[in-house]
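Positions are given from 1, in the same order as the sequence printed here. Just follow the structure's listing: the first ligand is 1, and inside any ligand the first atom is 1.
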Amino acid sequence: MEKMKWEISDFDALGRIGKITVNEKQLITPNLFPVIHPSNNLISTSDLMKIGAKCVFTNAYIIYQNLQIRDIILRKGLQSHLNFDGIIATDSGAFQKYMYKKSKLDIQAEDIEKFQENIGTDFAVILDEPVQPDDDYETAKKKVDITIDRAKDNINRRINDTCFWFGPIHGAKFDDLLKRSTIEMSKLDFGVYAIGGLVKSLLNYRFDLVIRTLLTVKKNIIWNKPIHMFGLGLPQFFSLAIACGCDLMDSAAYVLFAKENRYFTLSTGTRKLEELEEFPCHCPICCKYDPKELLNLEDQLRTELLAKHNLYISFSELRTIRQAIKEGNLWELVEQRIRNHPNLVTASKLIKSYLPLIESHEKLYKTHGRLYSSPESVQRPLLYRYELKLKNNYRVPKNAKFLIILPELDVKREQSPSIKKWLEELDNNSIIPRELLHITFFSNFYGIIPLELSSSFPMGQHEAIMPLNVNGVIHLNLVQKIELFFKNFSKYYSKCGILIPENFINQFNEIVEFPKKNILKKLTKMLNSRFKLQIASSCDIISLIQYFKSDE
Ligand code: GUN
Ligand code: ZN
């Protein structure tokens with residue numbers, strides 16, 4: 001039998017599109033394993049497949065404990081028992097111990113691991129020791145060590161070459177333990193690395209802890225294997241988690257939430273069925289029923305239908321995410337989805353601390369222009385890359401003596417009638433030789449963009465929320481970027497002129513008033529107090545040229 005393959009075909013942010021091949025079955029990643037009971041499910045596996053499931057996760061420990069099912073499955077094999085021909089993964093019982101705080105499982109690693117090989121699992125999980133949120137450091141360390149030792153034992157015991165293994169990574173609460181767990185597990189041969197012990201954080205919507213854990217693992221893990229996250233099943237969190245490097249997840253949330261009449265949405269969070277007048281979704285369930293009709297059905301049927309809707313939404317979101325990866329638009333999608341819950345916004349703010357890691361995986365070029373439409377856009381890796389480029393890889397044109405800063409308007413460069421006119425005035429002026437003038441643009445997201453870079457990717461291919469109506473976060477970020485430019489380059493100029501027009505002509509040929517309360521005025525003052533360079537602002541090009549003239 002061939003070994004497991006995972007071929008990556010595309011990526012965006014830390015998200016990757018890949019194809020897993022095991023036992024002649026294939027699975028596109030990123031993907032979700034719906035968790036199912038080994039013998040008692042509201043949704044049949046053939047329905048799961050219709051909804052879009054290409055893989056399922058079930059529990060070998062439950063099978064092992066039930067002598068009757070155990071015998072049947074040992075005889076028939078798991079695939080035939082579940083009547084599912086996609087990829088089947090099984091968990092080891094560690095979750096039961098973690099979730100229900102059983103102090104001792106009545107099972108040995110050796111037995112449950114061998115059992116998983118015997119029932120024909122494609123992906124088995126070793127018997128790990130999840131760290132509890134309230135474990136102290138010593139306890140957590142012991143558990144991390146036990147899991148690493150079990151992983152080594154598991155490798156020595158493997159006999160079935162059609163069974164591939166999940167290597168669990170633990171220690172989330174303690175950075176150094178998590179790092180050690182990641183590095184040690186990375187040295188051992190597993191098909192998939194799986195981040196564990198996060199279910200309780202996920203249930204409490206502590207997305208920041210989960211993202212911090214994921215990014216720490218990504219910093220330290222080998223790059224050619226998929227990363228799984230146990231228990232991640234809320235679709236509004238998929239895009240952020242995938243952008244941070246999650247390739248696979250498993251969850252029973254779709255059915256557990258359905259049991260409490262909770263309906264997944266991607267826009268306003270999980271909703272109680274009782275609160276809904278109309279369904280916002282157009283999956284087959286939502287097309288057929290309205291909320292009242294569902295409420296009036298008997299419990300079991302209602303739960304089944306809600307669980308189906310929850311899964312439809314989950315798989316639809318995964319398709320949306322994979323498409324966004326192919327288009328290079330994953331961050332744009334994330335910025336929409338995090339509006340779903342404040343804790344998602346909070347979690348997304350962690351990106352900023354991991355920009356060197358994330359930027360190094362960002363594509364050099366994308367075929368679509370970038371859209372910067374939310375405060376979180378300021379932490380896009382491409383903006384960070386531009387900052388690095390200016391710092392390490394940019395020189396002011398040789399003869400430049402006068403720095404000119406023009407505001408970016410509704411559209412870029414010559415597409416804007418006003419900018420086109422300003423550039424012509426500068427090019428054709430007979431007072432200052434053109435090569436002494438260095439023209440730059442003032443961009444809300446990039447800071448200063450020199451004219452000669454302004455058409456290159458991504459600076460020339462972006463649209464941003466309207467210039468100068470900036471809010472707090474964008475403003476702070478901007479000031480920092482402008483200061484950086486001046487720190488690096490102000491010494492090359494003798495004067496700087498900032499154009500603050502009274503009005504401008506937009507792309508529709510309408511005259512628009514330039515905002516009176518604008519950041520450029522403040523900036524002129526701030527820069528003058530901080531840098532030796534003489535800085536003045538004016539409302540027309542000719543006055544700027546006169547201002548330079550006095551220095552020539
Ligand atoms: N399911 C959810 N969390 C975990 C975990 O930490 N380990 C295992 N084996 N299964 C899980
Ligand atoms: Zn629906």
Between Ala194 and Phe230, what is the shortest heavy-atom contact and its length? CB-CE1, 3.5 Å
Just to verify, which of Asp176, Ile169, Val217 counts as forming a side chain to side chain contact (heavy atoms under 4.5 Å, CB included) with Ser181? Ile169
Lys292/Glu278 salt bridge by N-O under 4.0 Å criterion: no
SB check Glu274 Arg262 (cutoff 4.0 Å): no
Using a 4.0 Å cutoff against the non-hydrogen atoms of Val199, which atoms of ligand 1 qualify? 2 (C), 3 (N)
Between Arg158 and Glu117, does any side-chain N to carboxylate O distance fall below 4.0 Å? no
Under 4.0 Å from one or more heavy atoms of His170, ligand 1 contributes atoms 6 (O)
Does a side-chain N-to-carboxylate-O contact under 4.0 Å join Asp175 and Lys179? no
Inspect the contact between Lys143 and Asp135 and indicate whether a charged nitrogen and a carboxylate oxygen are less than 4.0 angstrom apart. yes
Near the Zn ion (ligand 2), which protein N/O/S atoms are found at less than 2.8 Å? Cys281 SG, Cys283 SG, Cys286 SG, His309 ND1
With the threshold set at 4.0 Å, does a side-chain nitrogen-carboxylate oxygen contact exist between Lys142 and Asp136? no
Please state which protein non-hydrogen atom is closest to atom 1 (N) of ligand 1 and give its distance, to 0.1 Å? Phe95 CD1, 3.2 Å
Under 4.0 Å, counting heavy atoms only: does Gly197 come that close to any atom of ligand 1? yes
Purely on distance, is any nitrogen or oxygen of Tyr98 under 3.5 Å from one on ligand 1? no
Does the pair Lys366/Glu362 count as a salt bridge with the N-to-O cut at 4.0 Å? yes
Sub-4.0 Å heavy-atom approach of Met99 to ligand 1: no
